[in-house]
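Let me begin by presenting the structure, written as structure tokens, before commenting on it.
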Amino acid sequence: MSPEDRELVEGRTPGFLTWQDYSWRTCCGRACVYLGQAKAEDIAPGGKWHGAMESVRAYCFEYSDEEWNFILSGVPVGAVGIYVFECRVCGGLVGFWDCH
Ligand SMILES: [Zn+2]
């Protein structure tokens, strides 16, 4: 990670406290900007962050559609966190999920 990206991650992304436990999302060789924790409607088809789900699923590619539906059913009650990032280079959405 470049010094500039490190400063972005450490200094300009308030409210994301668990990043040290995970690999910060990167795309196009750069650190992505953290957008926030998704609500169920954000990642549903047509939602503003639906595009991140491909990346989220790739993070745990072994799960079937059925298992994913079960996991995502926990999003509305806060049991599952979907963290969404945006690439500053290509504008793509990436993310990962975490079970509380
Ligand atoms: Zn990118």
Side-chain angles (χ1 to χ4, degrees):
M1 192 179 283
S2 72
E4 186 194 329
D5 283 357
R6 182 163 296 282
E7 196 251 315
L8 173 91
V9 170
E10 293 178 352
R12 288 192 243 156
T13 50
F16 187 69
L17 302 177
T18 63
W19 69 272
Q20 284 172 308
D21 298 328
Y22 301 92
S23 56
W24 189 267
R25 298 283 88 182
T26 59
C27 182
C28 300
R30 302 295 305 274
C32 295
V33 176
Y34 177 59
L35 295 179
Q37 188 171 345
K39 298 183 185 70
E41 61 263 32
D42 296 333
I43 53 172
K48 62 178 177 176
W49 292 340
H50 182 65
M53 286 311 295
E54 189 179 330
S55 156
V56 172
R57 288 191 57 153
Y59 198 64
C60 291
F61 56 85
E62 69 269 27
Y63 290 115
S64 68
D65 283 350
E66 205 167 71
E67 286 168 316
W68 267 108
N69 286 335
F70 177 77
I71 291 165
L72 295 179
S73 71
V75 172
V77 292
V80 176
I82 304 278
Y83 303 96
V84 179
F85 299 79
E86 183 177 49
C87 176
R88 287 175 296 161
V89 179
C90 71
L93 294 172
V94 295
F96 70 92
W97 71 282
D98 174 31
C99 202
H100 298 281

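For ligands, and for the atoms within them, numbers begin at 1 and follow the listed sequence. The shown structure was predicted, so the numbers you read here are calculated from the model rather than taken from an experiment.
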Contacts of Cys27 meeting side chain to side chain contact (heavy atoms under 4.5 Å, CB included) (sequence neighbours excluded), chain-then-number -> Cys32, Cys87, Cys90
**Asked** Does the side chain of Val84 come within less than 4.5 Å of Asp42's, by heavy atoms?
**Response** no
Taken in chain and number order and not counting sequence neighbours, the residues that satisfy side-chain hydrogen bond (donor to acceptor under 3.5 Å, both in side chains) with Asp65 are Arg57
Residue set satisfying side chain to side chain contact (heavy atoms under 4.5 Å, CB included) with Glu67, at least two apart, ordered chain then number -> Tyr63, Ser64
- Task: Would you check if the side chain of Asn69 reaches a backbone N or O of Glu66 as a donor-acceptor pair within less than 3.5 Å?
- Result: no
Sorted by chain and number, protein N/O/S atoms nearer to the Zn ion (ligand 1) than 2.8 Å are Cys27 SG, Cys28 SG, Cys87 SG, Cys90 SG
ask   = Which word best sums up how the rings of Tyr83 and Tyr34 line up, parallel for under 30°, tilted for 30 to 60°, or perpendicular for over 60°?
value = tilted
